[in-house]
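Before any comments, here is the structure.
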Amino acid sequence: TENGGGGGGSRAIAPPQTPVVEELQRIDVNPPKGTRDFPPEEMRLRNWLFQNFREVSRLFGFEEVDFPVLESEALYIRKAGEEIREQLYCFEDRGNRRVALRPELTPSLARLVLQKGKSLSLPVKWYAVGQCWRYERMTRGRRREHYQWNMDIIGVPEVTAEAELISSIVTFFKRIGITASDVGFKVSSRKLLQEVLSHYSIHEDLFAKVCIIIDKIGKLPLDDIKKELKAVGVSTEAVEQILQVLSIKSLTTLEEIIGGAGEAIAELKQLFSLAEKFGYSEWVQFDASVVRGLAYYTGVVFEGFDRQGKLRAICGGGRYDQLLSTFGGDDVPACGFGFGDAVIVELLKDKGLLPELNLEVKNIVCALDPNLQGAAATVATILRDKGQSVDLVLENKPLKWVFKRAARINAERLILVGSSEWQRGTVGVKILATGEQNEIKLDELE
Ligand SMILES: CC(=O)Nc1cnc2ccccc2c1
């Protein structure tokens, strides 16, 4: 054995064991329930999507960050009855620590901001593209993982931050061919709800719970919503008033009902005026029913929706000014969004906008007889050192096989290493699209 068995001594040599041939069960070749593999074609689409996420983040001057997919469960223990909490993919590790596969990226980002503390100069503009997890009963047959693009601005209290974030998503949509007639953004503010609740002197700490219940409007019968609201202590009158405010679709109507004195209206007016200046007015609309399903939002909230109403929300985000302080940090304003990799692909399919992405190899290099395999490797390296992609044929294959492979990998050129050419320092170059073939000196190959 490599590490040298113990030799010597008078010990008898053990009789050879009849090798125990385990019953070699074929493993399950499918990935775990609710998860996906990314074979080449799917991986090309995912890379295309992520390259667009990253290019937009670059255009907006954001820096990329990343965090472990495994986090302390404590990051996600919020008592507002969120679905994301019910479906937490959590467990106790061998060190008896309560850990979780992250269901979202924002808490990790907040943790890193706190970790960096005073060494960070604000505003911080960070983005991340990461896999997020949930554990839900497979009865619903939904996925247990997806990738999210997150963009966050830490340290800016004004709604210019939210306007900037929405602009970045509009920029992304435009890059991939989605227009304002395909999707829009419903925009509101949780401060509206806060004003209504405080008008009914409903205590602050009910606020998050009420938001989570209200986020289920459209997913649960209205009666269930009313029951849940009453169960947490909202009076019948307050429930009616809340539902009435939530049905408002115009800022002017809203002002008539709750007056223009509050912060919520002022911020929303400023946001819509900024939308004008950014040039994405036709993408955004006020809709008081948007509250989003995460407990930590405190102000403006928004979500991207498909105007045909066929799909779930494409993306969503908002202001979370208290999250860092709930983690024990200073009061630092923050806002951000999450953009999942699933609904957007369904939308692109519906709109016929999925890109045609094929493997592209410039050269396929093959030796015309086995003792030229080394020469072929030399040619491959010359081309690769020039930055050209090469599929080097690694075994002695008939030309018929090589042509078939060349077609499959979309090779532009076939480089043939033959003995008489090699003797005179040349190779055969066949342009596969036209069939044109020339003999080229090795040092003139480009
Ligand atoms: C449409 C879809 O796959 N949604 C999805 C899939 N996996 C998740 C995992 C964690 C949190 C949210 C998730 C959401």
Side-chain angles (χ1 to χ4, degrees), residues 65 67 71-85 88 100 102-118 120 122-126 128 150-166 187-215 232-234 242 262-268 270-271 288 290-303 316-338:
V65 292
F67 332 94
E71 285 277 13
S72 162
E73 186 188 41
L75 256 61
Y76 314 107
I77 303 294
R78 304 187 290 252
K79 297 179 179 53
E82 298 156 287
E83 186 182 52
I84 209 163
R85 170 90 182 82
L88 197 58
R102 64 189 177 199
E104 52 166 330
L105 300 175
T106 306
S108 301
L109 187 134
R111 177 180 61 71
L112 185 58
V113 166
L114 287 183
Q115 180 197 125
K116 292 296 175 194
K118 304 271 183 278
L120 284 179
L122 299 179
V124 156
K125 297 178 184 177
W126 286 351
N150 275 222
M151 295 260 274
D152 291 83
I153 298 173
I154 313 290
V156 175
E158 292 82 22
V159 293
T160 42
E162 287 91 325
E164 175 82 334
L165 290 174
I166 294 173
V187 181
S188 184
S189 174
R190 283 195 174 175
K191 287 181 183 171
L192 287 181
L193 201 61
Q194 213 160 5
E195 284 168 25
V196 173
L197 293 183
S198 54
H199 175 74
Y200 286 87
S201 56
I202 294 168
H203 200 273
E204 278 279 298
D205 63 10
L206 274 184
F207 176 62
K209 279 197 181 100
V210 168
C211 289
I212 300 310
I213 295 168
I214 283 166
D215 181 58
V232 297
V234 183
I242 289 169
E263 248 179 11
I265 292 264
E267 287 177 358
L268 287 165
Q270 198 202 350
L271 185 53
V290 178
V291 284
R292 299 297 297 162
L294 291 168
Y296 48 69
Y297 288 134
T298 55
V300 167
V301 283
F302 54 87
E303 71 188 27
R319 179 162 289 279
Y320 51 96
D321 285 348
Q322 297 309 313
L323 184 62
L324 282 97
S325 55
T326 60
F327 281 4
D330 300 333
D331 238 15
V332 179
C335 62
F337 69 79

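The side-chain heavy atoms of Val210 and Leu197, taken from C-beta on, include a pair separated by under 4.5 Å. Counting only heavy atoms from C-beta outward, the side chains of Val113 and Leu324 approach each other to under 4.5 Å. Looking at heavy atoms from C-beta onward, Ile242 lies out of side-chain contact with Tyr200 at the 4.5 angstrom threshold. In this structure the side chain of Leu120 reaches within 4.5 angstrom of the side chain of Trp126, judged on heavy atoms.
From Asp331, atom CG reaches atom CD of Gln322 across 5.0 Å, with rounding to the nearest 0.5 Å. Considering CZ of Arg78 and CD1 of Ile84, their distance stands at 6.5 Å, rounded to 0.5 Å. We find the CG-CD distance between Leu88 and Glu83 to be 12.0 Å, quoted to the nearest 0.5 Å. The CD1 atom of Ile214 sits 4.5 Å away from the CG atom of Leu193 when rounded to the nearest 0.5 Å. Annotation: the span from Lys125 atom NZ to Leu165 atom CG amounts to 9.5 Å, rounded to 0.5 Å. With rounding to the nearest 0.5 Å, the separation of CD in Glu71 from CD in Glu104 is 10.5 Å.
Using modelled atom types, one side-chain atom of Arg102 and one backbone atom of Phe67 make a donor-acceptor pair closer than 3.5 Å. In terms of modelled atom types and a separation under 3.5 Å, the side chain of Ser201 and the main chain of Ser198 share no donor-acceptor contact. Remark: the backbone N or O of Tyr297 is paired with a side-chain donor or acceptor of Arg190 at under 3.5 angstrom. The backbone N or O of Ala264 sits nowhere less than 3.5 Å from a side-chain atom of Ser189 that would complete a donor-acceptor pair.
The nearest pair of heavy atoms linking Ile153 to Pro123 is CG2-CB, 4.5 Å. Smallest separation of non-hydrogen atoms from Ile154 and Leu122: O-CD2, 3.7 Å. Nearest heavy atoms, Ser188 versus Ala288: OG-CA, 3.6 Å. Of all heavy-atom pairs between Gly336 and Phe302, the closest is O-CZ, 4.2 Å. Closest non-hydrogen pair, Pro157 versus Gly155, comes out as CD-O, 3.6 Å. What you find for Val65 and Leu109 is that their closest heavy atoms are CG2-CD1, 4.4 Å.
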inquiry  = For a side chain to side chain contact (heavy atoms under 4.5 Å, CB included) check, start with the C-alpha distance between Asp152 and Tyr320, then their side-chain angles and the critical distance, and finish with the verdict.
reply    = CA-CA 10 Å; Asp152 291 83; Tyr320 51 96; 2.5 Å; yes
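One finds a salt bridge joining Lys118 and Asp330 here, because a Lys/Arg side-chain nitrogen approaches an Asp/Glu carboxylate oxygen to under 4.0 Å. Remark: Glu263 does not engage Arg319 in a salt bridge, criterion side-chain N to carboxylate O under 4.0 Å.
Just one of Val187, Leu271, Val301 meets the side chain to side chain contact (heavy atoms under 4.5 Å, CB included) condition when paired with Glu162; it is Leu271.
Scored by the side chain to side chain contact (heavy atoms under 4.5 Å, CB included) test, Glu204 finds Gln194 as partners (sequence neighbours excluded).
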